Amino acid sequence: MNLYNIKHPEERVNFAQAVRQGLGKDQGLFFPEVIPQLADIDALLDLPLVERSQKILGAIIGDEIPTAKLNAMVKNAFTFPAPLAKVNENIYALELFHGPTLAFKDFGGRFMAQALATVRGDGKITILTATSGDTGAAVAHAFYGLENINVVILYPKGKISPLQEKLFCTLGGNIRTVAVHSDFDACQALVKQAFDDEELRRTIGLNSANSINISRLLAQICYYFEAVAQLPKEKRKDLVVSVPSGNFGNLTAGLIAKTLGLPIKRFIASTNANDTVPRYLADGKWEPKATIATLSNAMDVSRPNNWPRVEELFKRNGWNLKDLASVSLTDAQTEAALKAEYAEGYLCEPHGAIAYQALKNQLQPSETGIFLCTAHPAKFKESVERILNIELPLPQALDKHNKLPLLSDEMEADFATLRAYLLK
Ligand SMILES: *Cc1c(COP(=O)(O)O)cnc(C)c1O
């Protein structure tokens, strides 16, 4: 598999290099040179998740990784299901939260850990990543205990849910967590600065594990196929998928699935009040504002760093960005959506509720809609209980961590401080 840097197309790497490096020159994103058309999608859809995903990823990655090796990576990563729940006649929920950290980021995080362990070579590796909540947990759990890989995770202090924090800041071992006195965009900017520091990068073998790493995106393609595979055959036409979006990695993966031949008619980019993309699609102006804290905090991103990949896909496929629907919801609208959904008999959480409502707003009578449920309702226990006036039991995975002490360090959003910390 060959990839190029979107900012500097002359920079070319193979899959192993893209996984190890994360980002290209000038913080450019790597993008596959070729996205193959998959033959016989229907036969593919008849296969079980792991077997189908092995075939899909094998077709994309090619012979760079021996088939047996790749198959083992997929099998080790995808150890949990992604069920499709029927909400009403035309609307289905794809539940992506049945992994160890109860969020969809387990798919990408676990596959990336497998990929990196496979292509790593001999040097030292430090994973540095910024999280708005769930990436951190997925990355920490995916890499926990892997030999000779150190993990440092930055997150905005006080801006993620206490439960989210407990899930990844209590592990210790090869996982260090840092509460930064600022917002997610500042954390992300620090990570980017670290990657620009050539010397630092070499000394500690810096690697990012957030959604800019191509291996995470590739893994996420697979659950779009799993969604369609679970739909009754007569519902597979005129399919609309609503994706709750923050950094837009999830949507990028969906668009790649469509490029591979998965029959999805159109996508809806669903956001909270951090609406850089919906405003851009409406007026053509890219004008990020200061990030606003919302109920759907994993989507509190005003400079979505996967956006160049979305544009690249549209350009290469000759698609029109006008066909990408987008919706932005306020917190009040999110609460109303969560209630409406609950009244329909489906318990959700704020991120999934935004995607659900965006779908409801947009879906035509002839269409079938799927919205992505990116986190388990109990991960947002405080808001869900308050909004729905119910009590939610804590799933075992969360309960166990909730009882442990926090091990995080704290830091100002200052690169020199971070640099010294990484070299320590
Ligand atoms: C990360 C996250 C999102 C946003 O996904 P992107 O790929 O960054 O757009 C949505 N919901 C939840 C629960 C998340 O953790």
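Model, not experiment: these values are computed from the prediction. Positions are given from 1 along the sequence.
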(request) Measure centre to centre between the rings of Tyr155 and Phe168, then say whether the value is under 6.0 Å. (result) yes
(request) Assess the pair Phe78 and Tyr223: is the distance between their ring centroids shorter than 6.0 Å? (result) no
(message) Using side-chain hydrogen bond (donor to acceptor under 3.5 Å, both in side chains), reason through Thr259 and Asn317 one step at a time and then give a plain yes or no.
(response) CA-CA 8 Å; Thr259 310; Asn317 286 325; 3.0 Å; yes
Straight-line distance of [X] [atom1] to [Y] [atom2], nearest 0.5 Å:
| X | Y | atom1 | atom2 | result |
| --- | --- | --- | --- | --- |
| Asp183 | Thr291 | CG | OG1 | 4.5 Å |
| Thr101 | Leu167 | OG1 | CG | 5.5 Å |
| Phe267 | Leu372 | CZ | CG | 9.0 Å |
| Leu392 | Glu382 | CG | CD | 10.0 Å |
| Phe225 | Leu260 | CZ | CG | 5.0 Å |
| Tyr346 | Cys373 | OH | SG | 3.5 Å |

Check whether any side-chain N or O of [X] sits under 3.5 Å from a backbone N or O of [Y] as a donor-acceptor pair, and report yes or no.
| X | Y | answer |
| --- | --- | --- |
| Gln230 | Leu84 | yes |
| Glu11 | Lys25 | yes |
| Thr276 | Pro288 | no |
| Asn272 | Ser296 | yes |
| Asn247 | Asn306 | no |
| Ser302 | Lys289 | yes |
| Glu64 | Phe15 | yes |
| Arg12 | Tyr4 | no |
| Arg20 | Asn207 | no |
| Asn402 | Leu398 | no |

Kindly give the heavy-atom pair with the smallest separation between [X] and [Y], and that separation in Å.
| X | Y | result |
| --- | --- | --- |
| Thr129 | Val191 | C-CG2, 3.9 Å |
| Leu329 | Val327 | CD1-CG1, 3.2 Å |
| Val119 | Ile65 | CG1-CD1, 4.0 Å |
| Ile354 | Ser270 | CG2-CB, 3.8 Å |
| Ile160 | Gln164 | CB-OE1, 3.3 Å |

Check the surroundings of atom [atom1] in [X]: do more than 12 heavy atoms from other residues, nucleotides or ligands lie under 6.0 Å from it?
| X | atom1 | answer |
| --- | --- | --- |
| Asp283 | CG | yes |
| Lys265 | NZ | yes |
| Asn389 | CG | no |
| Gln396 | CD | no |
| Lys86 | NZ | yes |
| Glu391 | CD | no |

[X]/[Y] ion pair, N-O < 4.0 Å:
| X | Y | result |
| --- | --- | --- |
| Arg386 | Glu335 | yes |
| Lys7 | Asp26 | no |
| Asp399 | Lys403 | yes |
| Lys157 | Glu165 | no |
| Glu349 | Lys379 | no |
| Glu312 | Arg309 | no |

Flag side-chain contact, heavy atom, 4.5 Å: [X] against [Y]:
| X | Y | answer |
| --- | --- | --- |
| Arg316 | Glu311 | no |
| Leu324 | Trp319 | no |
| Phe371 | Leu94 | no |
| Leu190 | Leu418 | yes |
| Leu394 | Lys381 | yes |
| Val243 | Ser245 | yes |
| Leu313 | Val310 | no |
| Phe248 | Val277 | yes |

(message) Go through it in stages, so that I can follow the logic: the residues are Tyr224 and Asn250, the test is side-chain hydrogen bond (donor to acceptor under 3.5 Å, both in side chains), and I'd like the CA-CA distance, side-chain angles, deciding distance and then a yes or no.
(response) CA-CA 10 Å; Tyr224 286 89; Asn250 210 351; 3.2 Å; yes
(request) Using the side-chain contact (heavy atoms from CB on, under 4.5 Å) rule, take Ser53 and Leu49 through it: C-alpha gap first, then chi angles, then the decisive distance, then the call. (result) CA-CA 6 Å; Ser53 303; Leu49 170 67; 3.6 Å; yes
(request) Assess whether side-chain hydrogen bond (donor to acceptor under 3.5 Å, both in side chains) is satisfied between Arg279 and Ser328, documenting all intermediate values. (result) CA-CA 9 Å; Arg279 283 186 291 109; Ser328 153; over 6 Å; no
(message) As a quick check of understanding, evaluate side-chain hydrogen bond (donor to acceptor under 3.5 Å, both in side chains) for His141 and Asp106, giving each step before the final call.
(response) CA-CA 8 Å; His141 282 261; Asp106 282 327; over 6 Å; no
(request) With sequence neighbours excluded, tell me which residues meet ring pair (Phe, Tyr, Trp, His ring centres under 6.0 Å) with Phe111. (result) none
(request) Answer yes if the side chains of Thr79 and Arg110 hold a donor-acceptor pair under 3.5 Å, and no otherwise. (result) yes
(request) Answer with yes or no whether the side chains of Asn274 and Asp300 bring together a donor and an acceptor at under 3.5 Å. (result) yes
(message) Tell me whether the rings of His376 and Phe97 are parallel (<30°), tilted (30 to 60°) or perpendicular (>60°).
(response) perpendicular
(request) For side-chain contact (heavy atoms from CB on, under 4.5 Å), just list the numbers for Ile221 and Leu262, CA-CA rounded to whole Å, side-chain angles, deciding distance to a tenth of an Å, and then say yes or no. (result) CA-CA 10 Å; Ile221 294 167; Leu262 188 67; over 6 Å; no
(request) Test salt bridge (Lys or Arg N to Asp or Glu O under 4.0 Å) on Glu344 and Lys360 and set out the steps. (result) CA-CA 12 Å; Glu344 271 199 280; Lys360 280 223 130 176; 3.3 Å; yes
(request) Show your working on salt bridge (Lys or Arg N to Asp or Glu O under 4.0 Å) between Glu367 and Arg266 and close with a plain yes or no. (result) CA-CA 10 Å; Glu367 296 173 330; Arg266 60 192 184 94; 3.0 Å; yes
